[in-house]
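One-based numbering along the sequence shown. Predicted model, so just to flag it, every value in this text is computed and none were measured.
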Amino acid sequence: MAEIPLPWHTLRYPTIHLVILLVLGNTFGSCKVIIPPTVEAGASDFGGGYEMPGHGRWMQEVGHRKTVEVLENIPDWETFYRDYVRRNRPVVLKNAARKQQAFSKWTDEYLLQLWGKRRVIDVEIKKVEERGGPSEQWPFEKFVREMHKVERKDELYAVIGFEDDPKALADIAFPEPARCEEVWPQSVTLWMSSGGTMSVLHNDDGENFLMLLDGTKSVMLVHQDEAPNIYAHIAKVRGTSPVRQDFVDLVAFPRFANITWQHGEIEAGDILFIPHTYWHQVNSKGRNLAVNIWWSHEADWQWWDLKKYDATLFGTKNLPSFDLFKSKATANAKCTPLPLQQSMAQSTMVDEGRTKEIIRKRRAKATRRAKTLGVL
C-alpha cells in the first residue's frame with residue numbers, strides 16, 4: 001500500500017483528509033483504529049495506517065536508524081559549544097564519567113549508608129514507563145531490597161532528585177567540557193533500577209548530560225523537526241510522544257515508520273550529551289545507575305524565544321527548523337572555568353522556572369533597548 005498519511009501541518013482541511021484516510025484505509029485493508037489512551041481528547045490526527053513492517057515492534061526497531069557520534073577525548077568548551085551545543089548535535093563522551101567520585105563509590109551498600117530508611121523516594125512500579133502510571137513512596141532501603149528480587153524483574157524504577165542533599169552532591173562534579181561559571185545547572189537526578197526499563201519518548205527544556213555510572217543504556221535520539229511524525233502535538237502528556245515504546249502501533253501512528261533517528265549505546269563511565277528539546281527514548285540493561293543534569297547557559301536568552309517556542313511545532317510551517325531557531329545563539333558563549341575541586345555541592349541551582357523567568361526578562365530588556373536605538 002502506498003503511503004497515504006501526510007504531515008498534519010500541511011493540511012488545509014484536516015477533517016476531510018481524515019475521512020479520505022478512513023475510506024482509503026478500508027479500501028486497502030487498513031485496520032480499524034481505536035483511540036489510543038495516550039492521545040489527548042478530541043484529537044483527530046491519527047489512524048489511516050495498516051500493519052506495515054515495524055508494526056508491534058519496540059520503538060528502537062522502527063524507522064531509519066543512524067549512529068550518534070562518539071568522542072574518545074573530551075573537547076574544550078569552545079569546541080563543544082560550537083560543534084555540538086549551538087549546532088544541536090548529540091554526542092557520546094566516552095569514559096568521561098569515570099572521573100566522577102560517584103562512579104566508584106555508588107554501590108548499593110554505599111547508597112544505603114547515604115540514604116537508607118531516612119530518605120523516602122517515589123518508586124515507579126512499571127519498568128515500561130507510563131507518564132502518570134502507578135507509583136508508591138518507599139524508604140530507599142526498601143527499594144534496594146526489592147529491586148533485585150526475581151519476582152520483581154519487570155517492576156520498580158526509582159527517579160530521585162537530590163539537589164537538596166549536599167553529601168550526595170559532593171560525589172558529583174559538573175561534567176567537562178561545560179564546567180563554566182556561566183553554565184546554570186537546573187537539577188540533578190538519579191535514575192536507578194535492576195535494568196529492563198523503557199522510558200517514553202520525550203524531550204526536556206534544557207541541555208542534558210546523562211552520565212552512566214553502572215549498566216548500559218540504548219538511547220534513541222530524535223531530531224526536534226520530527227515532532228509531526230512522532231505525533232507530539234496530540235499527546236495526552238505534553239512533552240511526550242503518544243507512540244508506545246514497547247509496541248509501535250503503525251495503524252494508529254503510520255508516520256512514525258518514516259522517522260530518522262540516531263542511536264547511542266552508552267556504557268558505564270560514558271556521558272551522553274542530549275541537546276535542548278531533542279526527543280529521546282532510553283532502554284536500560286543490568287544494574288542501572290545514571291545521573292542526569294539539565295542545564296542552560298546565561299546567554300540562552302539570545303536564541304530561546306519563549307513567545308514562539310513550542311516543541312510540538314518544529315518541523316511544521318508554523319516554526320522554522322529547530323537548527324535555524326537555535327542558530328540565533330551567540331557564536332561565542334563565555335566560559336569562566338570553575339575551580340578544579342568544585343563539586344555540585346558548591347553549585348547554585350537555577351531551576352527551569354527561574355531560568356525561563358530570567359530569559360523572558362532579558363529578552364524584554366533587549367527588545368526595549370533595540371526600540372530605543374531604532375533597530376526595531
Lys105, NZ: over 12 other non-hydrogen atoms inside 6.0 angstrom: yes
Polar side-chain atom of Gln302 near backbone of Lys328 as donor-acceptor pair, under 3.5 Å: no
Pair Asp300-His276, side chain to side chain donor-acceptor pair (under 3.5 Å): steps then yes or no: CA-CA 11 Å; Asp300 281 354; His276 195 296; 5.9 Å; no
Sequence neighbours excluded, every pair satisfying disulfide bond (SG atoms under 2.5 Å apart) that has a member inside residues 243-275: none
Side chain to side chain contact (heavy atoms under 4.5 Å, CB included) partners of Thr260, counting only residues at least two apart: His64, Lys66, Glu226
Any donor-acceptor N/O pair, Ser135 side chain to Asp122 backbone, under 3.5 Å: no
Ring pair (Phe, Tyr, Trp, His ring centres under 6.0 Å) contacts in which one or both residues fall within residues 330-354, not counting sequence neighbours: none
Enclosure of Arg57 CZ (heavy-atom neighbours >12, cutoff 6.0 Å): no
Residues in side chain to side chain contact (heavy atoms under 4.5 Å, CB included) contact with Asp165, at least two apart in sequence or another chain: Trp115, Arg118, Arg119, Phe162, Lys167, Ala168
Ala232: partners by side chain to side chain contact (heavy atoms under 4.5 Å, CB included), with sequence neighbours left out: Ala227, Ile230, Trp279, Thr312
Residues in ring-ring contact (aromatic ring centres under 6.0 Å, His included) contact with Trp301, at least two apart in sequence or another chain: none
Side-chain donor or acceptor of Arg179 paired with backbone N/O of Pro339 under 3.5 Å: yes
Side chain to side chain donor-acceptor pair (under 3.5 Å) contacts touching residues 330-340 (sequence neighbours left out): Glu182-Thr336
Check: Val200 main-chain N/O paired with Glu129 side-chain donor or acceptor under 3.5 Å: yes
Other residues, nucleotides, ligands: >12 heavy atoms within 6.0 Å of Gln137 CD: yes
Residue Asp164 excluded, over 12 heavy atoms near CG under 6.0 Å: yes
Contacts of Tyr84 that satisfy ring-ring contact (aromatic ring centres under 6.0 Å, His included) - sequence neighbours left out: none
Pairs involving residues 286-342, ordered by first then second residue, that meet disulfide bond (SG atoms under 2.5 Å apart) (sequence neighbours left out): Cys180-Cys335
Greater than 12 external heavy atoms within 6.0 Å of Trp303's CH2: yes
Hphob cluster co-occupancy, Phe256 + Trp261, side-chain heavy atoms under 4.5 angstrom: yes
Whether over 12 other heavy atoms sit under 6.0 Å from Lys126 NZ: no
Phe80: ring-ring contact (aromatic ring centres under 6.0 Å, His included) partners, not counting sequence neighbours: Phe209, Phe273
Verdict with supporting geometry, Glu146 and Lys142, salt bridge (Lys or Arg N to Asp or Glu O under 4.0 Å): CA-CA 6 Å; Glu146 292 288 323; Lys142 179 180 178 181; over 6 Å; no
Any donor-acceptor N/O pair, Asn288 side chain to Trp191 backbone, under 3.5 Å: no
Trace of the side chain to side chain donor-acceptor pair (under 3.5 Å) decision for Ser284 with Tyr157: CA-CA 11 Å; Ser284 69; Tyr157 187 22; over 6 Å; no
Within 6.0 angstrom of Glu78 CD, more than 12 heavy atoms from elsewhere: no
Nearest-0.5 Å distance, OG of residue Ser199 to CE of residue Met59: 8.5 Å
Test side chain to side chain donor-acceptor pair (under 3.5 Å) applied to Asp351 and Gln186, step by step: CA-CA 4 Å; Asp351 67 22; Gln186 293 181 7; over 6 Å; no
Aromatic contact, Phe46 with Tyr231 (centres under 6.0 Å): no
Any residue meeting ring-ring contact (aromatic ring centres under 6.0 Å, His included) with Tyr81, in chain and number order, not counting sequence neighbours: Trp77
Aromatic plane relationship, Tyr110 with Trp106 - under 30° parallel, 30 to 60° tilted, over 60° perpendicular: parallel
Backbone of Met198 reached by a side-chain donor or acceptor of Gln245 within 3.5 Å: yes
Donor-acceptor contact present, side-chain Lys94 to main-chain Glu267, <3.5 Å: no
Of all pairs that satisfy disulfide bond (SG atoms under 2.5 Å apart), the ones with a partner from residues 56-154, not counting sequence neighbours: none
